[in-house]
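Below is one structure, written out as structure tokens; the observations come after it.
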Amino acid sequence: MFGSEGKKSKMEVDEPSNLYKFDFCWMTKYSNTTLLIDNFDSFTWNVYQSLCKLGANVVVHRNTIDITLATALNPTHLVISPGPGHPSNAGVSNALIKHYAGKIPILGVCLGEQCMYEIYGGTVNSCGELIHGKTTPVKHSGIGLFEGVDQDIECTRYHSLSGDPKSLPSVLKVTAWTESGIIMGIRHEKYVMEGVQFHPESIASEQGDQMFANFLSWDGGEWSKLSKHPERIIKSSFKTLKDVDIFAGIPLDKASKMNSTHQPIPVVGNSAPESILQRIYKQRRKDVEAEKLKPGKSMLHLERSFSLHLAPSLISFKDRLQQSIDKHAVAILAEIKRASPSKGDIDLSVHPAQQAFHYHEGGASTISVLTEPNWFKGSLDDLKEVRKSLEGVKDRPAVLRKEFIFDQYQILEARLAGADTILLILSMLSDDAVKPLIKYSRELGMEPLVEVATPDEMERAIKLGSTIIGVNNRDLNTFDVDMNRTARLASLTQKSGDSIILLGLSGMTCRKDVEDCLKAGAKGALIGEALMKSKNQISMIQSLLGNSPLNAVIDEKPKPLVKICGITNANDALHAIKSGADLIGLIFVKSSPRYVTPEKGLEIAEEIRKHYPVNAVSEVSHPISISPESSISWYGRQTFESKKPLIVGVFQKQSAQEINDIVKKCHIDIIQCHSPQSQAFHRLLSKPIIQVIGLKEKAKANQSVSVVADHVVKECNDYSGTASFILLDTCTVNQSGGTSKVFDWDILNEIAKSNLKVGLAGGLNPENVQNATNFNPLFIDVSSGVERQPGLKDHEKVERFIKLCHQTMGLRSPKRVKK
């Protein structure tokens, strides 16, 4: 492949295109042959270069070469290069790994490592991160390939696939990893075989030479018989390329990058490279034309759908902005975007509907959805999900399609997907192009957001009659940010008075940035990346609005909350709440004597909400981690900050569809599952989950308290990530709860050693509740212990039960602090 003057390799072969051998004998200290398999990737050259400069005698084969030809070289070392695609597309690479396993040292880089993972039974799939040319700190085991390599080295990554940790083959051990848990290195437990997911050959990777040197110093196919020869490694720097005699291939100055993860910016003649905006615009034109050709996607089809009233209901974008401006003196537009050309991947795992719900809870007036698929990794489906999640929500945010729009087709597409407005970028549209787009958008009932970045564009936008104008602080040609741009352009709108709502777009991350934007003359701000990376979008939006959300200060040892369960009528519910109950339980299990129908549940819930209305900012959302810290802070927010009781729906052996239907109908805040469920089942449920774990009244004769506790801890861990909270209740052969019996509470002391916080139920009553609170559970759950008969509460017992809880805990009067 690489070469000059038409010279041939020392090996004559029938398929010269599959072999390119480089004679580096002038710098080789030993005669061993390293076979490098090229998976059609530009980084193969970098791997080759890294090996050669350390003294290796390297022969390179394409992965299409016949295995017999490759093995005829009798190599002493085998290296499998990076490459595009999946291990199944790596050609002869897989066969060679199998052939040489246990015979010679083998190194896999990126795709090469993935081949090893799948050969031994593992699964390679999406790692949830699409990394292109970025470095990540990597930790490692310090042995084998990583001997003498520092911890937390920066390593260059180019991949979206990786070995699934859950399918790690038993014969492979993890040798390197990222902080987020992505496997970055593996080794075979018996054979001299190592792989790395990153690119040690990259100039941006630290200490890659040390790793290659370690590999080249090895002799032998099994770790137990390995011998090391560091003396064979050349320590001097690599000579320049012009000094290298290269045979049988194209000249080096004609060699180009072939890595499928990198597309160079095209250069025509002596003209400047295309800007990012130009590249996106060009690609989107192709995408839209292709979309129109799909069955059921033509403009005529979309028009017919609109005429049949298939577009979701619409709200006024301008009115919604003004509503927020009147209330908060600013409108916050919260953006959903997975990636960007300037920042790369931001959050590929984001769930648009859930993110939208958080934005709404925080008080965003508008939700901007990036639908561009190539650079921002969005889609029109994201917008549809967002709009559907807001259906029926009071004072819902407007939905903006953030896209590179140039065609009426895209506008109608947006309207049918549920958009209330669209973005029109003047830097990519002439007046002749944008005028019909503005007109068409208004014909569909949508007032567009017109984006400007220069004084000329601002003047154009005003002359076009735009009523909502956004100043992009980011230059879409260079993606540089200028935070003073809004201030410079705002003065041009002064003559228009209040007829124009001016917004600041891009680059803002905090309340001070918003305040600067307002001082400049804007009335709203669009926040994207900062919100996407925030751990608490609700609080951040409140802060951006200028509010100071109150957070409950939780004691180091939080006191348990009180749940009165088995409520069957509104009167009992209201009395329990007035007495101090934090949670009200409605049982939707038909076999229970405390069963309520969904209709009755709705009646009770509506009566509760009439007296204790929902605080929208504290609306319960899903999911919540079961870690003690997050559980405690969540309870603090929900019960102290929101000043409202939570309604818990209790279910057993019911379908996820039935549960979600009842939850939606009855305004349930938390789902309590009394039957064992899988994590997959939990993920189908629409609210945070209390998972019940049943314990026998008495442990088996051969079971100690610690053994039972260990079993409970294991069950808790099995639910980690999907169940928000665990409730321990007494069970019998026929009942998973509601037995009126007490299990051995000493189990709670053992569980506490594992730093797990759980709820406590089973046989509680006013006589024993003070003893129960000494175990410091997250919440106390009582039903039959405060009843005069099944399903009917004894108000005096309820009052006494809650009063005794409070006496033990101290009156719950949490301090509040400004965030």
Side-chain angles (χ1 to χ4, degrees), residues 357-358 361 538 549-552 554 558-570 572-588 594 596 598 601-626 630-651 659-660 662-674 685-692 723-727 757-761 777-783 786 793 798 801-802 805-806 809 812 814:
F357 194 60
H358 290 164
E361 288 178 313
I538 299 171
L550 296 176
N551 285 333
I554 311 299
K559 304 302 188 290
L561 307 175
V562 180
K563 173 176 171 241
I564 305 298
C565 198
I567 294 289
T568 60
N569 60 80
D572 283 354
L574 294 175
H575 178 267
I577 296 166
K578 185 178 179 181
S579 300
D582 303 292
L583 304 104
I584 297 297
L586 305 180
I587 299 176
F588 296 99
R594 301 165 186 86
V596 293
L602 174 60
E603 178 188 315
I604 297 170
E606 287 182 337
E607 195 66 23
I608 292 173
R609 292 297 173 238
K610 185 166 70 175
H611 291 81
Y612 302 92
V614 173
N615 177 352
V617 175
S618 297
E619 185 70 34
V620 182
S621 57
H622 176 76
I624 310 293
S625 167
I626 69 168
S630 61
S631 298
I632 292 165
S633 62
W634 182 87
Y635 265 116
R637 290 199 310 275
Q638 296 304 324
T639 58
F640 298 145
E641 181 183 329
S642 65
K643 301 180 183 178
K644 65 159 185 166
L646 301 180
I647 303 174
V648 180
V650 180
F651 301 90
I659 293 173
N660 285 337
I662 294 174
V663 164
K664 184 176 181 180
K665 179 173 184 174
C666 299
H667 312 298
I668 300 298
D669 296 306
I670 307 177
I671 295 169
Q672 182 169 313
C673 293
H674 257 272
L685 302 181
S686 58
K687 290 292 181 179
I689 299 161
I690 296 173
Q691 177 63 51
V692 175
S724 304
F725 309 99
I726 298 295
L727 173 63
K757 296 291 184 181
V758 296
L760 175 59
L778 268 180
F779 59 97
I780 296 287
D781 188 336
V782 64
S783 180
V786 291
K793 302 307 178 190
V798 170
F801 184 90
I802 296 174
C805 283
H806 288 178
M809 301 182 298
R812 186 182 290 106

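When a residue number appears, it is its place in the shown sequence, counting from 1.
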query: Can you check whether Ile662 reaches Asn660 side chain to side chain, under 4.5 Å on heavy atoms?
result: no
query: Are the side chains of Lys664 and Lys687 in touch, meaning some heavy atoms are under 4.5 Å apart?
result: no
query: What's the verdict on salt bridge (Lys or Arg N to Asp or Glu O under 4.0 Å) for Asp669 and Arg609, showing C-alpha distance, side-chain angles and the deciding distance?
result: CA-CA 12 Å; Asp669 296 306; Arg609 292 297 173 238; 2.7 Å; yes
Ionic contact status for Asp572 with Lys793, cut-off 4.0 Å: no
message: So which atom in Ala573 and which in Ile604 form the shortest heavy-atom distance, rounded to 0.1 Å?
response: CB-CG2, 4.0 Å
- request: Mind listing the closest non-hydrogen atom pair of Val650 and Cys565 along with its distance?
  value: CG2-SG, 3.9 Å
- request: Name the orientation class of the two ring planes belonging to Phe725 and Phe779 (parallel below 30°, tilted from 30 to 60°, perpendicular beyond 60°).
  value: perpendicular
- prompt: Less than 4.5 Å apart, any side-chain heavy atom of Val692 and any of Gln672?
  reply: yes
message: Can you give me the closest heavy-atom contact between Gly566 and Ile587, atom names plus distance?
response: CA-CD1, 3.8 Å
field: Considering all heavy atoms, the nearest Val596-Ile567 contact
entry: CG1-O, 3.7 Å
query: Is the side chain of Asp781 donor-acceptor paired with the backbone N or O of Leu760 at a distance under 3.5 Å, no angle test?
result: no
query: Under 3.5 Å, is there a donor-acceptor pair between the side chain of His611 and the main chain of Glu607?
result: yes
- request: Could you pull out the closest heavy-atom pair between Gly759 and Leu727, with the gap in Å?
  value: C-CD1, 3.4 Å
- request: Please lay out, stage by stage, how Cys673 and Ile689 fare under the test side chain to side chain contact (heavy atoms under 4.5 Å, CB included).
  value: CA-CA 7 Å; Cys673 293; Ile689 299 161; 4.1 Å; yes
Rounded distance (nearest 0.5 Å) linking atom CD1 of Ile670 with atom CD1 of Ile584: 11.5 Å
field: Note, Ile659 side chain near Leu685 side chain (heavy atom, < 4.5 Å)
entry: yes
- request: Kindly indicate, with the supporting measurements, whether the criterion side chain to side chain contact (heavy atoms under 4.5 Å, CB included) is fulfilled by His667 and Leu602.
  value: CA-CA 7 Å; His667 312 298; Leu602 174 60; 3.8 Å; yes
query: Between NZ of Lys578 and CD1 of Ile802, what distance do you get to the nearest 0.5 Å?
result: 12.5 Å
message: For the CG atom of Asp582 and the CD1 atom of Ile780, what is their distance to the nearest 0.5 Å?
response: 11.0 Å
query: For the atom pair NE2 (His674) and CZ (Phe651), what is the distance rounded to the nearest 0.5 Å?
result: 11.5 Å
field: Shortest non-hydrogen contact from Ser686 toward Ile671
entry: N-CD1, 4.1 Å
Between CD1 on residue Ile647 and OH on residue Tyr612, distance to nearest 0.5 Å: 12.0 Å
Spacing of CD belonging to Glu603 relative to SG belonging to Cys666, to within rounding of 0.5 Å: 10.5 Å
